[in-house]
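Because only heavy atoms are used, hydrogens play no part in the values below, and waters and symmetry mates are left out as well, while side chains stay in. For reference, positions follow the sequence shown, starting with 1.
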Amino acid sequence: MSEGKRKFQGDDKKRKKKYRSDGTPIWGKRHVEGPGVWVSCVKGKEKQTVGEIYDLFESVAAELWPKSEDKGVASDGSDDENEDANLSLEDQIANEISAMKRPRTHPEQRFANCQTNTPCVVFISCKPPVNPVDLVVKYIRNIKETGVTRTRYVHRLVPVSGTCVANLPEIQSLCHRVFGDFFNQHPDTKFKYKIELRVRNHTTIDRPTLIQHVAQSVPEGHTVDLENPKLFILVEVFKSICGISVVEDYYRLHKFNVMEIANEVKKPDTVAESRVGPATSKEEAEKGKTR
C-alpha cells in the first residue's frame with residue numbers, strides 16, 4: 001500500500017472519530033465565543049447537559065423574547081382558511097399540493113454549544129436578542145419560587161456578556177464595553193461592587209494583576225465593597241478565553257448554583273419534619289414515665 005493511500009485512510013479515520021480520548025463527544029462549534037453561559041455539569045453527562053440546556057433556554061427565552069413568527073401564526077391560518085372556502089375543490093387541492101412542495105423555513109437557532117474539550121464544562125453561546133444575564137436570572141428566580149430545576153445534570157450557571165482572548169489589552173477592552181452597557185443604564189447611581197474571579201486551566205496572568213486591571217476599567221464614582229456589595233463583576237477565565245458580566249443579587253441567589261437553590265426551597269419542609277420527630281418522641285417518653 002502506498003504511503004499516500006495510508007495517509008488518506010488515516011485522515012479518513014480521524015474525520016469519522018466522534019469521541020475524544022477522555023470519552024467526551026465532539027459536537028457543536030469549535031471555539032468558545034460569547035456572549036453566552038458557562039455550565040458546570042456532572043462528569044460524563046456533557047452531551048445530555050447540552051440537550052436539556054437547549055430545551056430549558058429555549059423555553060425561558062420564549063417568555064422573555066418571543067419570536068415574531070410565533071405571534072402571527074393564528075391570524076395567518078385563519079386568513080388561509082377563509083380564502084380556501086371561496087375556492088373550488090380542484091383549486092384547494094392544488095394549493096395543498098403546492099404548499100407541500102414549498103421548502104420549509106426553520107427558525108434561526110438562538111443557542112449554540114461551543115466545544116470546551118474539558119469534562120464537566122459546557123459553554124452555550126447566545127445570539128441576539130438573548131441577554132445571558134437576564135436569561136440566567138430569570139431561570140434562577142423561577143427555581144427560587146418553585147423549587148423545580150427542570151434539569152438533571154446542571155450544577156451551576158455563569159452568564160457572560162462577552163468573551164475575548166485572555167490577555168490584558170483584550171480584557172480591558174471587553175471590560176469597557178460590558179461596563180459601559182451596564183452603567184450607562186444607571187447614570188445617576190453609584191454602586192458598591194465586588195469582583196468575583198474564577199480561573200481554570202490558565203497560568204499566564206496571575207490573579208492580582210487581573211483583578212487590578214478589571215478594577216481600573218470600572219467607571220469613576222463606583223467603589224469596592226467586599227462585605228456588602230450591590231453589584232458583582234463576574235470574571236471567568238478558562239484556558240485562553242475570558243468572559244465578563246455584571247450581575248446583582250449574586251450571593252442571595254447562591255452564585256447561580258442550581259442545586260443549592262432547589263435544596264433551599266425544599267429545606268423548610270425538611271426542617272418541619274425533623275422538628276415533628278423529636279417532639280413526638282419526647283411526648284411518648286413522658287407518657288412512658290407517667291405509666
Side-chain angles (χ1 to χ4, degrees), residues 28-29 32-42 45-46 48-67 109-114 116 120-164 174-175 177-179 181-183 185-186 191 193-198 200 229-238 241-265:
K29 291 187 176 182
V32 172
E33 54 185 9
V37 181
W38 289 104
V39 184
S40 302
C41 66
V42 177
K45 299 297 183 180
E46 292 82 9
Q48 293 87 335
T49 299
V50 171
E52 65 183 17
I53 280 292
Y54 274 160
D55 294 339
L56 171 66
F57 281 1
E58 283 291 352
S59 175
V60 177
E63 298 180 27
L64 296 174
W65 306 280
K67 293 182 179 180
Q109 292 289 335
R110 295 191 280 192
F111 303 99
N113 174 58
C114 301
T116 63
C120 307
V121 180
V122 170
F123 185 84
I124 304 295
S125 67
C126 305
K127 294 183 179 180
V130 176
N131 182 313
V133 174
D134 294 342
L135 179 75
V136 171
V137 170
K138 171 68 173 176
Y139 168 59
I140 294 297
R141 292 190 187 280
N142 287 345
I143 301 177
K144 202 168 181 63
E145 293 175 1
T146 64
V148 179
T149 63
R150 299 163 63 186
T151 60
R152 296 181 60 188
Y153 308 111
V154 174
H155 286 163
R156 185 167 175 256
L157 303 174
V158 180
V160 289
S161 300
T163 59
C164 68
L174 176 61
C175 285
R177 295 197 303 271
V178 173
F179 297 164
D181 291 341
F182 179 85
F183 290 111
Q185 298 177 15
H186 312 275
F191 291 99
Y193 69 91
K194 180 180 180 180
I195 297 174
E196 285 281 333
L197 170 64
R198 184 166 66 163
R200 293 177 290 181
K230 173 66 175 176
L231 290 183
F232 295 86
I233 298 174
L234 307 185
V235 182
E236 289 280 321
V237 180
F238 176 78
I241 301 296
C242 177
I244 296 174
S245 63
V246 181
V247 303
E248 300 182 67
D249 299 327
Y250 187 56
Y251 285 170
R252 193 171 66 84
L253 297 177
H254 292 271
K255 299 183 178 181
F256 302 152
N257 189 306
V258 173
M259 298 310 300
E260 282 191 12
I261 296 174
N263 292 335
E264 181 193 38
V265 175

Cation-aromatic face contact R200/W38, 6.0 Å, 45 degrees: yes
N257 side chain vs E260 backbone, donor-acceptor pair below 3.5 Å: yes
Main-chain N/O of A112 paired to S125 side chain as donor or acceptor, under 3.5 Å: yes
Donor + acceptor pair across side chains of K144, Y139 (<3.5 Å): no
For a quick test of reading the model, state the closest non-hydrogen atom pair linking [X] to [Y] and the distance between them.
| X | Y | result |
| --- | --- | --- |
| V37 | C126 | CG2-SG, 4.3 Å |
| V133 | V246 | CG1-O, 4.0 Å |
| R150 | S59 | NH2-OG, 2.8 Å |
| F123 | P35 | CZ-C, 4.4 Å |
| A61 | V130 | CB-CG2, 4.4 Å |
| C41 | V121 | SG-N, 4.5 Å |

Partners passing side-chain hydrogen bond (donor to acceptor under 3.5 Å, both in side chains) against K255 (at least two apart in sequence or in another chain): none
Residues T149, V154; criterion side-chain contact (heavy atoms from CB on, under 4.5 Å); working and verdict: CA-CA 9 Å; T149 63; V154 174; over 6 Å; no
Over 12 non-hydrogen atoms of neighbours within 6.0 angstrom of CZ in R152: no
Pairing of R198 and E196 as salt bridge, 4.0 angstrom limit: no
Sequence neighbours excluded, every pair satisfying side chain to side chain donor-acceptor pair (under 3.5 Å) that has a member inside residues 153-164: R156-Y250
Ring centres under 6.0 angstrom apart (F182, F191): yes
Within the 6.0 Å centroid threshold, strictly below: F111 and Y54: no
